[in-house]
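Data first, discussion second: the structure below is written as structure tokens.
Here is the naming used below: chain letters follow the sequence lines, and residue numbers restart at 1 for every chain.
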Amino acid sequence: MELRLYDTLSREKRTFVPLDAKDVRMYVCGPTVYDFAHIGNARPVIVFDVLFRLLRHLYGEAHVKYVRNITDVDDKINDRAARDFPGLPLNEAIRKVTEQTAKQFHADVDALGCLRPTVEPRATEHIGEMREIIERLVAGRFAYPAEDHVLFSPQAMNAMSAANSELPRYGALSKRSLDEMIAGARVDVAPYKRDATDFVLWKPSKPGEPSWPSPAGIAAQGRPGWHIECSAMAWKHLGEHFDIHGGGIDLVFPHHENEVAQTCCAFHRERMANYWMHNGFLQVESEKMSKSLGNFVTIHELLADWPGEVLRLNMLKTHYRSPIDWTLKNLEESSKTLDEWYRDVADVEPSDDIDPDFLNSLLDDLNTAGAIKRLHEISPVMRLSQSRLDDWGGETAQRYKKSAAMLLGLLPQSATARSEQMRSRAGIDPAKVAALLAARSEARARKDFAESDRIRDLLAAMGVAIKDSKEGTTWEVAR
RNA sequence: GGCCACGUGGCGGAGUGGUUACGCGCCGGUCUGCAAAACCGUUUACUCGGGUUCGAGUCCCGACGUGGCCUCCA
């Protein structure tokens, strides 16, 4: 069994071969911390968490390094800080915004059942590395200073790459040519740019803005451009060349294209990452998510209505590269599925093994939908026709189901713990329910069905769903 | 306008040219005081038009539709 991953650069699924099986390295673009993360932001976090778990399963927990950055220097952060804390000095306001937002982000992704990455570097702690990369680029004539900016020249890169096969061509990742980009360039090209396609590595800071000593002999203080922070952090924590780089599909251009350009030119490398992985976009109720449409939904808001696990399963039902339509109906379905699975596994401990069919689905470019199909099949109950039942049944199935689900980051707790959690979440008093159930049983025993139905309706109004069976009556929180 | 994805049953959603994906829902049944829950069973699909092939949801071409990117949006 081998892992195959779809690589955006080659546009095909390729067998994953790590550079060093004892040190598998993955970088994923994390949040810019200026506002609540929305459900679209949650997708890469969840998807690459599953990949992280899978890699740990394959190569051992100690042999996988996952780096996800926090970008805490950005124009949007500055704008938000000035808006939210007008009384404070800008730098102090910025610190408040980034600290609060990062904290909220951690709370959100923890609730979604995501493991913390091995390293979570911050852009502002890597200004030195950014400057060093910029110096290298200037020395190599890939970049030039102009009016206190430093600009990267894709034209220079391509001239060098034509003469030196060690370098990739600019535009290879996003499958664009410079000619196309020049044709599509906006009219308002900054006057200090030599070419319309040049992009900013470093720019001057206005008074009061965050600022650091500039590279390339520029006297004025400045701050980094957008793409350089990821090149710097990936280099620092994963080296010049590593295995996997991930993020949302929208980052392919310009962000990742520019990262590749910066890193490969600074270190004279043909490649930055061996596999480029990109998750698809998300729509809400069949509409593009946007603030103007009023369907901009944050993780924080969703968590008020749903356990994080429901959001997680709902995300994983669709293959990571396909678009997702995020709807209430799907969430309800996901919620029901989890109820059923928790009932299936009860309080068993996971198996030491992973079901091969389940694992094979994940190994096929993270086919979580196929894996979930298998999870439905692995059931302690005879839920499938006899011919397809395999050997499943009883505790073996329960333990297999538990271990497989846990590889997806699902069913992390016991069924008992979960149902207690659901009860306290719904604010239901178990003693009161027990008393009402006893009264109902008594009414049923004396065939006073008017009374027993009245109690049933009463419980339903409290949000309690009762379930009668031969063994007696149980209850759950109604959805 | 340029480039890139995607279009599967009532709904969600897999699918490596040839055999039932799977889940939800609907319907029927068992159970039940009646229900619910649970369990059993059944039901429908491959956007359109060409082409390649013994055979296409799967490959090729075109049309239509949806979405993304085109310098700071996951």
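When the C1' atom of rA14(B) is taken as reference, atom CZ of Arg321(A) falls 13 Å away, rounded to whole Å. Atom CD of Glu451(A) is separated from atom P of rA35(B) by 21 Å (rounded to the nearest Å). Across the protein-nucleic acid pair, Asp250(A) atom CG and rU71(B) atom P stand 13 Å apart, rounded to whole Å. In this structure, His255(A) places its NE2 atom 17 Å from C1' of rG68(B), rounding to the nearest Å. Taking atom CZ of residue Arg4(A) and atom P of nucleotide rG15(B), one finds them 13 Å apart after rounding to whole Å. Atoms OH (Tyr320(A)) and C1' (rC6(B)) sit 15 Å apart, rounded to a whole Å. Remark: C1' of rC11(B) and CG of Asn330(A) are 8 Å apart, rounded to the nearest angstrom. Put simply, NE2 on His319(A) is 10 Å from P on rU16(B), counting in whole angstrom units.
Ion pairing of Asp339(A) with Arg418(A) is present here, as a side-chain N (NZ or NE/NH1/NH2) and a carboxylate O approach within less than 4.0 Å. Ion pairing of Asp75(A) with Lys203(A) is present here, as a side-chain N (NZ or NE/NH1/NH2) and a carboxylate O approach within less than 4.0 Å. Ion pairing between Arg440(A) and Asp453(A) fails under the 4.0 Å rule for side-chain N and carboxylate O. Ion pairing between Asp365(A) and Arg4(A) fails under the 4.0 Å rule for side-chain N and carboxylate O.
Considering only the side chain of Phe199(A), rU71(B) comes nearest among rA36(B), rU71(B), rC22(B). Of the candidate nucleotides rA36(B), rG33(B), rC22(B), rG33(B) has the atom nearest to the side chain of Asp453(A). Among the nucleotides rA14(B), rC22(B), rC34(B), the one closest to any side-chain atom of Ala369(A) is rA14(B). Considering only side-chain atoms of Arg343(A), the nucleotide from rC24(B), rC39(B), rA74(B) that sits closest is rC39(B). Among the nucleotides rG23(B), rA37(B), rC70(B), the one closest to the side chain of Pro254(A) is rC70(B). Minimum atom distance to the side chain of Asp74(A) is reached by rC72(B), of the listed rC72(B), rA38(B), rG33(B). In the set rA74(B), rG33(B), rG23(B), rG33(B) carries the atom at the smallest distance from any side-chain atom of Arg440(A). Between rA14(B), rG33(B), rC72(B), one nucleotide has an atom nearer to the side chain of Lys203(A) than all others, and that is rC72(B). Nearest nucleotide to the Arg456(A) side chain, out of rC34(B), rG12(B), rC69(B): rC34(B). When distances run from any side-chain atom of Arg176(A) to the nucleotides rG23(B), rA74(B), rC69(B), the shortest one goes to rC69(B).
Residues His376(A) and Trp341(A) place their aromatic rings such that the two centres sit under 6.0 Å apart. Ring centroid separation for the pair His38(A) and Phe296(A) comes in under the 6.0 Å cut-off. Ring pair His256(A)/His278(A): centre-to-centre distance below 6.0 Å. Between His149(A) and Trp202(A), the ring center distance fails the sub-6.0 Å criterion.
Nearest-nucleotide mapping onto RNA chain B: of Asp198(A) and Ile39(A), the residue sitting toward the 5' end is Asp198(A).
Figure legend: Arg312(A) and Trp306(A) shown without cation-pi pairing, the cationic atom not lying both under 6.0 angstrom from the six-membered ring centre and within 45 degrees of its axis. Because its NZ or CZ atom is both nearer than 6.0 Å to the ring centre of Tyr6(A) and within 45° of the ring axis, Arg321(A) counts as a cation-pi partner of that residue. In this structure, Arg68(A) forms no cation-pi arrangement with Phe48(A), as its terminal cationic atom is not both closer than 6.0 Å to the ring centre and no more than 45° off the ring axis. At least one test fails for Arg43(A) against the ring of Tyr320(A): distance under 6.0 Å to the centre or angle within 45° of the axis.
To the nearest whole angstrom, the two C1' atoms, one in rU42(B) and one in rC27(B), are 8 Å apart. Nucleotides rC70(B) and rC11(B) place their C1' atoms 35 Å apart, quoted to the nearest Å. To the nearest whole angstrom, the two C1' atoms, one in rG17(B) and one in rG51(B), are 15 Å apart. Taking atom P in both rC69(B) and rG15(B), the straight-line distance is 24 Å, to the nearest Å. Distance noted for atom P between rU53(B) and rA45(B): 28 Å (whole Å). The same atom, C1', is picked in rU52(B) and in rG10(B); the two are 35 Å apart, to the nearest Å. rC61(B) and rU66(B) have their P atoms separated by 22 Å, with the value rounded to a whole Å. Atom P of rG25(B) sits at a distance of 12 Å from the matching atom of rA36(B), rounded to the whole Å.
Residue contacts for Thr318(A): at a heavy-atom cut-off of 4.0 Å it reaches the sugar-phosphate backbone alone, with no base atom in range. Arg444(A) comes within 4.0 angstrom of a nucleotide base, judged by non-hydrogen atoms across all strands. Among the atoms of the strands shown, only primed sugar atoms or phosphate atoms (P, OP1, OP2) are found under 4.0 Å from some heavy atom of Arg11(A). Within 4.0 Å (heavy atoms only), His227(A) reaches no atom of the nucleic acid at all. Counting any heavy atom pair closer than 4.0 Å across all strands shown, Lys193(A) reaches no nucleic acid atom. Among the atoms of the strands shown, only primed sugar atoms or phosphate atoms (P, OP1, OP2) are found under 4.0 Å from some heavy atom of Lys317(A). Residue contacts shown for Leu282(A) include a base, since a base heavy atom lies under 4.0 Å away. Looking at heavy-atom distances under 4.0 Å, Ile466(A) makes contact with a base. Counting any heavy atom pair closer than 4.0 Å across all strands shown, Asp468(A) reaches a base atom. The residue Arg43(A) sits apart from the nucleic acid: no heavy atom pair falls under 4.0 Å. Using a 4.0 Å heavy-atom criterion, one finds that Glu476(A) contacts no nucleic acid atom at all. Contact annotation for Ser177(A): no contact, since no heavy-atom pair falls under 4.0 Å across all strands.
For rA35(B), the OP1/OP2 oxygens have no side-chain nitrogen or oxygen of Ser452(A) closer than 4.0 Å. Considering only side-chain N and O atoms, Asn367(A) lies under 4.0 angstrom from the phosphate OP1 or OP2 of rG15(B).
Contact of Thr327(A) with rG12(B) (side chain to base): no donor-acceptor pair of N or O atoms is detected under 3.5 Å.
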Please enumerate all protein N or O atoms sitting under 3.5 Å from an N or O of nucleotides 8-10 of chain B, with distances to 0.1 Å.
none

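Judged by distance alone, the side chains of Tyr34(A) and Asn78(A) never bring a donor and an acceptor atom under 3.5 Å apart.
Here Phe281(A) does not count as stacked on rG67(B), because the ring centres are not under 5.5 angstrom apart with planes under 30°.
The line from OG of Ser211(A) to CZ of Arg223(A) is 9.5 Å long, rounded to the nearest 0.5 Å.
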5'-to-3' dot-bracket of RNA chain B (Watson-Crick, G-U; under 3.5 angstrom; crossing pairs as [ ]; | other strand): (((((((..(((.....[...)))..((((.......)))).....(((((..]....))))))))))))....

